[in-house]
Engineer: 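Take this structure, written in structure tokens, and hold onto it; I'll ask about it next.
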Amino acid sequence: MLYFNTLRYLKGTQIRHRLTFRLCRPKPDFSQAPQLSGLKAEVSFPEMPVSLSGENRFFFLNEEYAFSSWNEPERNKLWLYNLHYFDWLRQPGISEEEGDRWISKWIAENPAPAGNGWEPYTLSLRIVNWIKWHLSGHALSDDARHSLAVQTRFLMHRLEYHLLANHLIANAKALVFAGCFFSGPEAGKWLAKGLEIYREQLPEQILPDGGHFELSPMYHSIILEDLLDLKNIHAPLELDDHITRMLHWLAVMTGPDGRIALFNDAAHGIALDPEKIHDYAEKLGFEKIPLPDTDILLPDSGYARLVRNGMTLIADCGEPGPSYQPGHAHADALSFELWSRTEKILTNGGTGRYYASPERAEQRGSGAHNTLSIDGSSSSEVWSAHRVARRGHPLGFELTPHGAKGTFLTWMGFRLCREWILEKDALILRDRIDGKKGTHHIEQYFICAPDTASSEVSIELDPKLSKNAAEAVVSYAFGKFIKTAKIKGSIDSKLPVQLNTTIRISEKSR
């Protein structure tokens, strides 16, 4: 039943393309590369953090290793993906000689089509990064240009229609970049296919309120940078409206500390920071959008931002993600994050692993978020690394005169209603749980941000609840786990039950 309830949401095209993807393995085409088009970028591309040091050591996902091979079996797959992406060509200080050496090394040691480097997503990012390297004033050798053509031809036959979502967008970006970088009929086919994917996917993937439909601020930032890159090379697409709405959404989902809120799969240090994205957009002619200082509801994404009395709160009452691709979903319904001025007070658990592991399972569950669980179940049935079986659904979300109110139906059939009320010196939570007959075990969770001192915040649970202090682990970045305090309230009760919580922040902190 777990598999059935996971697979039944897939589109028929995904199943068909998955069979094709597994059974049909195209042969690489080594014919001569097309001529270059003379493509130029309007402004410089944003730099990336330093990942490669002079001792041939690479630092990804907060793990550093000396280079040994491109497909070292002892390294986790995502770390190796980062090696193959070549994002690190955009770090400051890499000379043309060093960049050319690594590109030549990759070509020599990664024969088509074996290894992680020939998977569609890694192909897509590397194609773009090699072209960006050239557009940033560095020469690509004849071998590198030939390899780019071979990689793009192979990608054309490995488009990720079985996954869709952000993976297909990454494929399309690579085709548009290659189609603009080269000239002639073959390049024209690459460009036409990339544009076709964008024109089909953007209306679905970018919601009317500007959010990317996977509802992860991190992936939203990645897709937004993609569109800005396409604008930078004058790709023949109408992007201004999408970019403007996405910039507004990003501002709403950015805390006063300048960091993205941690909902669904989200961590710092993967996508560009919001400030860098807004600076990049401004260079390309878009108006810089400040952080909102009033209450805002993102009705299509299911997020709300509340701002008053020195406090900022971002709350979630949205879908887990697109029904046919919830791979980056967490069971974070009715969770929230809270800041006092620029300091984070309450945080969601973040994302520290991307492979199936106890840490991954815990951080996707409701217990790693500032929300509730009933009878030990999360709001949606998350499992493995990127799977969701039965899903919960929002029943309503609105701003109120004093905050916001949301209602969510969990996959187990419990109806949760939460109201967030921001008063002068406190956040008031009013929770109501309805559902099945009998006695049920209810838990309420509050995760303190790692730097929050206990003297700065007071969590007054409903008197009906038993209060327990526990240790939690928060991941603001991949591969990094920080211990912090977690407050848990629990009760065994018949339904319906009403719970009232008061969270006070010290005047000094405010």
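Keep in mind that this is a model prediction, so the values were computed, not measured.
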Engineer: Does a side chain donor of either Trp339 or Asp257 reach within less than 3.5 Å of an acceptor in the other side chain?
Structural biologist: yes
Engineer: Got a donor-acceptor contact below 3.5 angstrom from the Gln14 side chain to the Tyr324 backbone?
Structural biologist: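 Yes: the side chain of Gln14 pairs with the backbone of Tyr324.
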Engineer: Tell me, with the steps shown, if Phe21 and His162 meet ring pair (Phe, Tyr, Trp, His ring centres under 6.0 Å).
Structural biologist: CA-CA 8 Å; Phe21 192 86; His162 59 299; 4.2 Å; yes
Engineer: Please examine the side chains of Tyr85 and Leu80, heavy atoms only from C-beta on, and report whether any two atoms are closer than 4.5 Å.
Structural biologist: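 Side-chain contact under 4.5 Å: no.
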Engineer: Sub-3.5 Å donor-acceptor pair from the side chain of Thr20 to the main-chain atoms of Arg16, do we have one?
Structural biologist: yes
Engineer: Is the shortest distance from a Lys or Arg side-chain nitrogen in Lys105 or Glu98 to a carboxylate oxygen in the other one below 4.0 Å?
Structural biologist: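 Looking at Glu98 together with Lys105, the answer is no, because their closest N to O distance does not fall below 4.0 Å.
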Engineer: Kindly give the heavy-atom pair with the smallest separation between Val176 and Ala235, and that separation in Å.
Structural biologist: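 Between these two residues, the closest heavy atoms are CG1-CB, 3.8 Å.
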Engineer: Mind checking whether Trp79 and Phe58 have parallel, tilted or perpendicular rings, split at 30° and 60°?
Structural biologist: perpendicular
Engineer: Let's go through Arg90 and Glu225 carefully: what are the C-alpha distance in whole Å and the side-chain angles of both, what is the deciding distance for salt bridge (charged side-chain N to carboxylate O under 4.0 Å, His left out) to 0.1 Å, and is it a yes or a no?
Structural biologist: CA-CA 14 Å; Arg90 294 160 53 201; Glu225 185 188 356; 3.0 Å; yes
Engineer: Do Asn348 and Ile447 come close enough that some side-chain heavy atom pair is under 4.5 Å?
Structural biologist: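 They are not in side-chain contact.
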Engineer: Ignoring hydrogens and geometry beyond distance, is a side-chain donor-acceptor pair present between Ser475 and Gln363 at under 3.5 Å?
Structural biologist: yes
Engineer: Please check if any side-chain donor atom of Glu74 sits under 3.5 Å from a side-chain acceptor atom of Tyr65, or the reverse.
Structural biologist: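 Their side chains do not contain a donor-acceptor pair, so the 3.5 Å distance test is not met.
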Engineer: Is there a salt bridge (charged side-chain N to carboxylate O under 4.0 Å, His left out) between Glu200 and Lys193 once you walk through the steps?
Structural biologist: CA-CA 11 Å; Glu200 288 177 351; Lys193 186 60 180 178; over 6 Å; no
Engineer: Salt bridge check, Arg360 against Asp265: does any charged N sit closer than 4.0 Å to a carboxylate O?
Structural biologist: yes
Engineer: Could you check whether any side-chain N or O of Trp88 sits under 3.5 Å from a backbone N or O of Phe59, counting only pairs where one atom can act as donor and the other as acceptor?
Structural biologist: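 A pair under 3.5 Å: no.
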Engineer: Verify ring pair (Phe, Tyr, Trp, His ring centres under 6.0 Å) between Trp383 and Tyr3, making sure each step is shown before the conclusion.
Structural biologist: CA-CA 10 Å; Trp383 66 283; Tyr3 284 103; 5.5 Å; yes
Engineer: Take Glu42 and Lys283 through the test salt bridge (charged side-chain N to carboxylate O under 4.0 Å, His left out) and record every step on the way to the result.
Structural biologist: CA-CA 9 Å; Glu42 184 175 330; Lys283 291 177 182 177; over 6 Å; no
Engineer: Do Ser221 and Leu272 come close enough that some side-chain heavy atom pair is under 4.5 Å?
Structural biologist: no
Engineer: Below 4.5 Å, heavy atoms only, C-beta onward: do Phe60 and Leu78 meet side chain to side chain?
Structural biologist: no
Engineer: Which pair of heavy atoms, one from Pro394 and one from Cys317, lies closest together, and at what distance?
Structural biologist: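 Looks like CB-O, 3.2 Å.
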Engineer: Counting only N and O atoms by type, is there a donor-acceptor contact under 3.5 Å from the side chain of Asn264 to the main-chain atoms of Leu215?
Structural biologist: yes
Engineer: Assess the residue pair Ile233 and Leu39 against the criterion (side chain to side chain contact (heavy atoms under 4.5 Å, CB included)); give the C-alpha distance rounded to whole Å, side-chain angles, the decisive distance to 0.1 Å, and a yes or no.
Structural biologist: CA-CA 7 Å; Ile233 65 168; Leu39 179 68; 4.1 Å; yes
Engineer: With a 4.5 Å heavy-atom cut-off, do Leu148 and Arg126 have their side chains touching?
Structural biologist: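 With C-beta onward as the side chain, the pair stays apart.
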Engineer: Just by distance, no angles: are the side chains of Ser141 and Asp143 close enough, under 3.5 Å, to form a donor-acceptor pair?
Structural biologist: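 The criterion, which ignores hydrogens and geometry beyond distance, is not satisfied for Asp143 and Ser141.
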Engineer: Is the closest side-chain donor-acceptor distance between Ser379 and Trp411 under 3.5 Å?
Structural biologist: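 No pair is found: no donor N or O on one side chain lies under 3.5 Å from an acceptor on the other.
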Engineer: Which atoms form the tightest heavy-atom contact between Ala251 and Ile289, and what is the distance?
Structural biologist: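 Smallest interatomic distance, heavy atoms only, reads CB-CG2, 3.8 Å.
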Engineer: Report yes or no: is the cationic atom of Arg57 (NZ for Lys, CZ for Arg) closer than 6.0 Å to the six-membered ring centre of Phe67, at no more than 45° off its axis?
Structural biologist: no
Engineer: Going by side-chain hydrogen bond (donor to acceptor under 3.5 Å, both in side chains), Asn116 matches just one of His84, Lys77, Arg75. Which one?
Structural biologist: Lys77
Engineer: Hey, are Arg145 and Asp142 close enough for a salt bridge, meaning a charged N less than 4.0 Å from a carboxylate O?
Structural biologist: yes
Engineer: Walk me through whether Tyr198 and Ile169 qualify under side chain to side chain contact (heavy atoms under 4.5 Å, CB included).
Structural biologist: CA-CA 7 Å; Tyr198 269 111; Ile169 289 291; 3.9 Å; yes
Engineer: Under a 4.0 Å threshold between the charged nitrogen and the carboxylate oxygen, would Arg245 count as salt-bridged to Asp209?
Structural biologist: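 No, Asp209 and Arg245 are not salt-bridged.
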Engineer: Between the side chain of Tyr121 and the main-chain N/O of Tyr81, is any donor-acceptor distance below 3.5 Å?
Structural biologist: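 Flag not set: sc Tyr121 to bb Tyr81 has no pair under 3.5 Å.
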Engineer: Return yes if a side-chain donor-acceptor contact under 3.5 Å exists between Tyr355 and His386, otherwise no.
Structural biologist: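 Absent: no donor and acceptor within the cut-off.
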Engineer: Establish, for the pair Lys173 and Phe177, whether the NZ or CZ atom is under 6.0 angstrom from the six-membered ring centre and no further than 45 degrees off its axis.
Structural biologist: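 Relative to the ring axis of Phe177, which defines the angle, Lys173 lies inside both limits.
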Engineer: Would you mind reporting whether Leu7 and Leu10 have side-chain heavy atoms less than 4.5 Å apart?
Structural biologist: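 Yes, side chains in contact.
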Engineer: Could you tell me whether Glu359 and Arg364 make a salt bridge, using a distance below 4.0 angstrom between a side-chain N and a carboxylate O?
Structural biologist: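 The answer is no: the pair does not qualify as a salt bridge.
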Engineer: Pairing donors with acceptors under 3.5 angstrom, does anything connect the side chains of Ser147 and Gln151?
Structural biologist: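 A donor-acceptor contact under 3.5 Å links the two side chains.
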Engineer: Just by distance, with hydrogens left out, do Ser216 and Glu214 show a side-chain donor and acceptor under 3.5 Å apart?
Structural biologist: no
Engineer: Please evaluate residues Asn232 and Tyr280 with respect to the criterion side-chain hydrogen bond (donor to acceptor under 3.5 Å, both in side chains), reporting the C-alpha separation (whole Å), side-chain torsions for both, the decisive distance (0.1 Å), and the verdict.
Structural biologist: CA-CA 10 Å; Asn232 197 1; Tyr280 186 27; 3.1 Å; yes
Engineer: Leu163 vs Arg18, test: side chain to side chain contact (heavy atoms under 4.5 Å, CB included). Steps then yes/no.
Structural biologist: CA-CA 8 Å; Leu163 295 177; Arg18 180 168 289 279; 3.8 Å; yes
Engineer: Among Met218, Met253, His330, whose side-chain contact (heavy atoms from CB on, under 4.5 Å) with Phe263 holds?
Structural biologist: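 By the side-chain contact (heavy atoms from CB on, under 4.5 Å) criterion, Phe263 pairs with just one of Met218, Met253, His330: Met253.
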Engineer: Any Lys/Arg nitrogen of Lys344 or Glu337 sitting under 4.0 Å from an Asp/Glu carboxylate oxygen of the other?
Structural biologist: yes
Engineer: Applying side chain to side chain contact (heavy atoms under 4.5 Å, CB included) to Ile314 and Leu338, what does each step give before you reach the verdict?
Structural biologist: CA-CA 7 Å; Ile314 301 178; Leu338 179 67; over 6 Å; no
Engineer: With no hydrogens and no angle check, do the side chains of Gln32 and His146 hold a donor and an acceptor under 3.5 Å apart?
Structural biologist: no
Engineer: Please identify each residue that fulfils side-chain hydrogen bond (donor to acceptor under 3.5 Å, both in side chains) with Arg199, with sequence neighbours left out.
Structural biologist: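 For Arg199 there are no side-chain hydrogen bond (donor to acceptor under 3.5 Å, both in side chains) partners, ignoring immediate neighbours.
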Engineer: Do Val474 and Phe481 have side-chain heavy atoms sitting under 4.5 Å apart?
Structural biologist: no
Engineer: Classify the ring geometry between Trp130 and Trp106 as parallel (under 30°), tilted (30 to 60°) or perpendicular (over 60°).
Structural biologist: perpendicular
Engineer: What pair of heavy atoms forms the shortest contact from Gly392 to Pro320, and how long is it?
Structural biologist: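 Residues Gly392 and Pro320, closest heavy atoms: O-CD, 3.5 Å.
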Engineer: Under 3.5 Å, is there a donor-acceptor pair between the side chain of Ser124 and the main chain of Pro120?
Structural biologist: yes
Engineer: Answer with yes or no whether the side chains of Glu160 and Asn171 bring together a donor and an acceptor at under 3.5 Å.
Structural biologist: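 Yes, Glu160 and Asn171 have a side-chain donor paired with an acceptor closer than 3.5 Å.
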Engineer: Does the side chain of Leu175 reach to within under 4.5 Å of the side chain of Leu159, using non-hydrogen atoms?
Structural biologist: yes
Engineer: Does Thr122 reach the main-chain N or O of Glu119 with its side chain, forming a donor-acceptor pair under 3.5 Å?
Structural biologist: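 Such a contact is found between Thr122 side chain and Glu119 backbone.
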Engineer: Could Arg259 and Tyr476 be counted as a cation-pi pair, given that NZ or CZ must be under 6.0 Å from the ring centre and within 45° of the axis?
Structural biologist: no
